[in-house]
Amino acid sequence: MRGKNFVFQTFSCASCPTGTFFNKTADNCVKCPIGKYQDEDGSLDCKQCPEGTSTVKNGTTNSSLCLEICPEGSYSKTGLSPCFKCLQGQYQENNQSTSCEKCQHTQTTSTTGSTNHSDCTDFDILLKNSTIDLGITSAPNFTVSFWVYNRNANQVQTLDLTSVSQYVLHIIFSNTTSFVINGTAIDVSAIVKQTRWIHVAIQVNTVTGSLFVYLNGNSIFTNIITSIVGVKEMSLFVSDFLMSGYDVFSTILSEVDVLSLSKTCLSNLKSSNTIQSLDDLKDIPGAKLVIPSTCNVKYGCDDNPCNGHTCLDIANGFVCHCNNGYSGTTCNYPPDYCVNNNCNNGATCVGQNGTYSCICKAGYKGSFCETDVVNGNWNSWQQWSECSKSCDIGIRSRNRSCDNPPPDDEGSYCVGNNTQTQSCNTDACQRCPSFLTMLNYGNTLKCNQVNGYDVCNVTCRTGLVFPNENYHVYHCGKNTSFEWQKKPPSCMEPNSPAIMAVRASSSITEFPCSRKDLAESTYKSNINTLWCRQNGNCKLEMSLDGCNYNNRRKRSSMSSINIYVTFSVDLGKSTLEFSRPFRKRDSFSSTNKLHQCL
């Protein structure tokens, strides 16, 4: 639908004219906004101007009225073409601007058309044979503060404070540290160094005629000059100086304020009493801007930052001029001594202390890595040692040495072990069979190794006995062909006899046979006194062998006699105890000799 508007005057619908469009919300024709146009009537919207262009006002009816937008760093009354670059000391960060921004106090730009506030920088003014009107017509007291730098240290330069055509103050700067003020030489070596920026403050009281001069914040001259009383105009003549931080104050500043001004090249004293600043000197005939400022308060060269090379003070810093190939901001990078070096075999060259050294790759040595490193190599294995065992797996070893060739100081030692071991005599040793298989009833066993032999002691357990022997020792080893020679006998329980008897005998030689009967009766009588006779445990037998005779033999008169006494015990059904030791009360023998008893 075409854009039309109801016209109340005619009670009819009319198309929206060029430069407008029908706005449904407003239900009316509305002018095209800035940046758009409409060259047709009855439209529902407007056309966009080409990129980088815009319109001066609303309701534009033709694309030819879309003008180029002023870029950053420029301006115009409308923000559109024709555009003008921002002046020096100004900048504009936005496009389509109608004005430019000024740099802050004591700053300017190096060119016109600056696009960022960072383009603003501090500046100095070069004055040569220039006169500055201090503008003190209504200030009976004033202070002039500024920094000066003598560009030509070998030439004498002057600063003159004049009133009309009369010198009020005449300062001579020379290549020495002696200044001349109104004809008086003043030694300023303690506060001023040659070829440096110097802060000067001059204070004048036109009511009393007092004059004060400060150098680098130090008062060096005070005088009363009656000719300046009531003076309304004064000027400062500069022969050939760079000037920075210039300010004129309509008051006598305190010494603290003067000292503060001498600490920075920028005017850091904000005061409503300021009459002039450095900006006011731009228009002095012959004045030249020096951008950026070279005014310097901190002299970095005082600390010898250039490592013995030439140092030049600049504004708030220093510049090093390096010699003998050194480089870097502080001449801390030596030249490349490795150019045309003699390092061999891919070595790395490192320059240091006015020369270079070679860092060798693995496998090389020498000042220039020209020599191969000798690594160690194994020699042949030696003979195997004797086996540690004759059977049952022994160990034998052999050695080798790292000397074929031996490694030098830089070489590596042989890789691997210098000793090798292996098993030997792996056959099982011959052994005697277990004696446990040889045991019989009731045997107890205790075995030991004695001189390579198995020696076993066999006894019977408690309450049992061997039938014939009480103690048995058995051997097995190499000399027995590792066989046990015999088995131990079985143990048995002991059997007690019914009667236990002991027979004792006694002999008498050259016994008279005629007394045989008497001897026999006497012996029988005496035997009855024995303890065993009394309890019936013994009996007497007696024979007179030499006194016997028969029909064929004649009776002998002398002979020997044998007397026998049998001691017997009826054990009955009791059992002998072989497990306990024999006790004295078990004795059934006499302690006296039998023949003495008889």
Side-chain angles (χ1 to χ4, degrees), residues 105-106 125-148 150 156-174 179-186 188 198-262 267 269-287:
H105 179 59
T106 71
I125 291 182
L126 175 60
L127 297 175
K128 191 171 184 177
N129 297 324
S130 302
T131 300
I132 305 171
D133 184 357
L134 300 181
I136 59 163
T137 55
S138 59
N141 304 312
F142 66 90
T143 301
V144 183
S145 171
F146 54 89
W147 289 85
V148 290
N150 183 7
V156 175
Q157 306 296 338
T158 60
L159 278 174
D160 295 320
L161 181 65
T162 62
S163 173
V164 189
S165 59
Q166 179 183 359
Y167 284 109
V168 177
L169 181 65
H170 181 61
I171 304 177
I172 299 176
F173 293 80
S174 64
F179 284 23
V180 179
I181 301 179
N182 290 351
T184 301
I186 301 175
V188 293
I198 300 173
H199 181 257
V200 180
I202 303 172
Q203 296 183 331
V204 177
N205 186 333
T206 60
V207 177
T208 62
S210 301
L211 178 66
F212 308 93
V213 179
Y214 295 84
L215 286 184
N216 291 341
N218 298 275
S219 176
I220 63 168
F221 183 79
T222 302
N223 201 0
I224 300 295
I225 304 176
T226 58
S227 60
I228 64 174
V229 175
V231 171
K232 297 295 185 181
E233 295 182 5
M234 281 195 180
S235 59
L236 186 65
F237 175 80
V238 181
S239 61
D240 189 359
F241 284 106
L242 272 177
M243 184 174 286
S244 189
Y246 173 82
D247 284 294
V248 180
F249 303 95
S250 60
T251 185
I252 301 293
L253 298 178
S254 67
E255 291 187 356
V256 174
D257 289 338
V258 172
L259 183 62
S260 176
L261 290 171
S262 69
S267 179
L269 188 62
K270 297 180 180 180
S271 173
S272 59
N273 297 318
T274 303
I275 300 174
Q276 290 182 353
S277 66
L278 195 62
D279 287 334
D280 297 311
L281 305 186
K282 294 178 182 178
D283 299 328
I284 294 178

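Keep in mind the model is a prediction, meaning the values are calculated, not measured.
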In Å and rounded to the nearest 0.5 Å, what is the [atom1] to [atom2] distance from [X] to [Y]?
X: Asn273; Y: Leu253; atom1: CG; atom2: CG; result: 8.0 Å
X: Ser262; Y: Asp257; atom1: OG; atom2: CG; result: 11.0 Å
X: Ser254; Y: Gln203; atom1: OG; atom2: CD; result: 8.5 Å
X: Ile132; Y: Gln276; atom1: CD1; atom2: CD; result: 7.5 Å
X: Ile172; Y: Ile186; atom1: CD1; atom2: CD1; result: 11.5 Å
X: Asn150; Y: Thr158; atom1: CG; atom2: OG1; result: 10.5 Å

Please find the pair of heavy atoms, one from [X] and one from [Y], that lie closest to each other, and give the distance.
X: Leu161; Y: Leu211; value: CD2-CD1, 4.4 Å
X: Phe249; Y: Ser145; value: CE1-CB, 4.4 Å
X: Thr131; Y: Ile284; value: O-CG2, 4.3 Å
X: Phe241; Y: Gln157; value: CZ-CB, 3.3 Å
X: Ile171; Y: Val213; value: CD1-CG1, 4.5 Å
X: Ile125; Y: Ala287; value: CG2-CB, 3.9 Å

Is there side-chain contact between [X] and [Y], with heavy atoms separated by less than 4.5 Å?
X: Asn141; Y: Asn205; answer: yes
X: Phe146; Y: Leu159; answer: yes
X: Val168; Y: Ile225; answer: yes
X: Ser250; Y: Phe142; answer: no

Exercise. Between Val144 and Tyr246, is a side-chain contact (heavy atoms from CB on, under 4.5 Å) present by the stated rule, with each step listed?
Worked result: CA-CA 8 Å; Val144 183; Tyr246 173 82; 4.0 Å; yes
Check whether any side-chain N or O of [X] sits under 3.5 Å from a backbone N or O of [Y] as a donor-acceptor pair, and report yes or no.
X: Thr206; Y: Pro140; result: yes
X: Ser130; Y: Lys128; result: yes
X: Asn216; Y: His199; result: yes
X: Thr137; Y: Lys232; result: no

Exercise. After noting the C-alpha distance and the side-chain angles of Ser210 and Val204, does the key distance pass the side-chain contact (heavy atoms from CB on, under 4.5 Å) rule?
Worked result: CA-CA 6 Å; Ser210 301; Val204 177; over 6 Å; no
